[in-house]
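All remarks here apply to the structure that follows.
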Amino acid sequence: MAQQPSILILNGPNLNMLGTREPHIYGAETLADVEALCRAEGARLGLEIDFRQSNHEGELVTWIQQARENRSAILLNAGAYTHTSVAILDALTAVDLPVIEVHLSNIFRREPFRHHSYVSMAARGVICGLGSHGYVLALQAADRLVRAKAQS
Ligand code: CA2
């Protein structure tokens, strides 16, 4: 592979608030801490990391569409849009890249409305309930998928 694979890491609404409230659910780390973890793991694996957050559904859709041009895989914590957004599902389906869905909390131990994920229908795998370490595990999974595809 000539260039480093590039991984788009997208974070949805309210994840910019991490570390300020509800640490018993989401942990005490800020989103900047999660980004630093991802950058460290990306450097270890030889992956370029593009880490973003938006509170706007349409902006997330646009970023997913643009990933087709120059990204190798997408890690997505769509926040509450996980449970509501057909638009994000459609964008993920169309982009034709490996998608790993990540959640900090274990959505299956929470309210019933969090048990259904539209994102899962387009995801190769889902990691939830492991806090920020889930992002690290998801990057390892993306690395494996991308390198296996490059060899095939
Ligand atoms: O567990 C996750 O990662 C979630 O995607 C987080 C979303 C939630 O709607 C999903 O059901 C599960 C919410 C993120 C909001 O994060 C906050 C953190 C601190 C203060 C306020 C919100």
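Numbering of ligands and ligand atoms starts at 1, following listing order.
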Proximity winner for [atom], if only heavy atoms of [options] are counted:
atom	options	result
atom 12 (C) of ligand 1	N11, N106, T84, I107	I107
atom 15 (C) of ligand 1	N14, L76, N16, L31	N14
atom 10 (C) of ligand 1	M17, E22, H83	H83

Between S6 and N70, what is the shortest heavy-atom contact and its length?
->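 Closest approach of S6 to N70: CB-O, 3.7 Å.
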Using the six-membered ring wherever Trp is involved, compare the ring planes of H115 and F108 and label them parallel, tilted or perpendicular (cut-offs 30° and 60°).
->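 Plane angle between 30° and 60°, so tilted.
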Per-residue contact class, R21 against ligand 1 - non-hydrogen pairs under 4.0 Å |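 Contact part for R21 vs ligand 1: both backbone and side chain.
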Just heavy atoms, cut-off under 4.0 Å: does N77 contact ligand 1 by side chain, backbone, both, or neither?
->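 N77 to ligand 1: side-chain contact only, backbone stays beyond 4.0 Å.
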For [atom], what is the closest protein heavy atom, and at what distance to 0.1 Å?
atom	result
atom 4 (C) of ligand 1	H103 ND1, 3.7 Å
atom 2 (C) of ligand 1	L104 N, 3.4 Å
atom 1 (O) of ligand 1	S105 OG, 2.5 Å
atom 6 (C) of ligand 1	Y26 CE2, 3.5 Å
atom 14 (C) of ligand 1	L15 CD2, 3.8 Å
atom 9 (O) of ligand 1	R114 NH1, 2.9 Å

Pairing donors with acceptors under 3.5 angstrom, does anything connect the side chains of [X] and [Y]?
X	Y	result
E101	H103	yes
Y135	N11	yes
Q53	N55	yes
T30	D33	yes

Check whether any N or O atom of R110, backbone or side chain, sits under 3.5 Å from an N or O atom of ligand 1, and answer yes or no.
->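 Min N/O separation from ligand 1 is not below 3.5 Å for R110.
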Taking distance alone, with no angle check, do V102 and ligand 1 share an N/O pair under 3.5 Å?
->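 It does not: no N or O of V102 is found under 3.5 Å from an N or O of ligand 1.
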Atoms in ligand 1 with a heavy atom of A80 nearer than 4.0 Å |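 Per the distance check, 9 (O).
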Inspect the surroundings of CZ in R109 and state if more than 12 heavy atoms from other residues, nucleotides or ligands are less than 6.0 Å away.
->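 No, not enclosed.
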Does CZ belonging to R124 count more than 12 external heavy atoms closer than 6.0 Å?
->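 No.
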About how many Å separate CD1 of I100 and CG of L137, when rounded to the nearest 0.5 Å?
->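 Going from the CG atom of L137 to the CD1 atom of I100 covers 10.5 Å.
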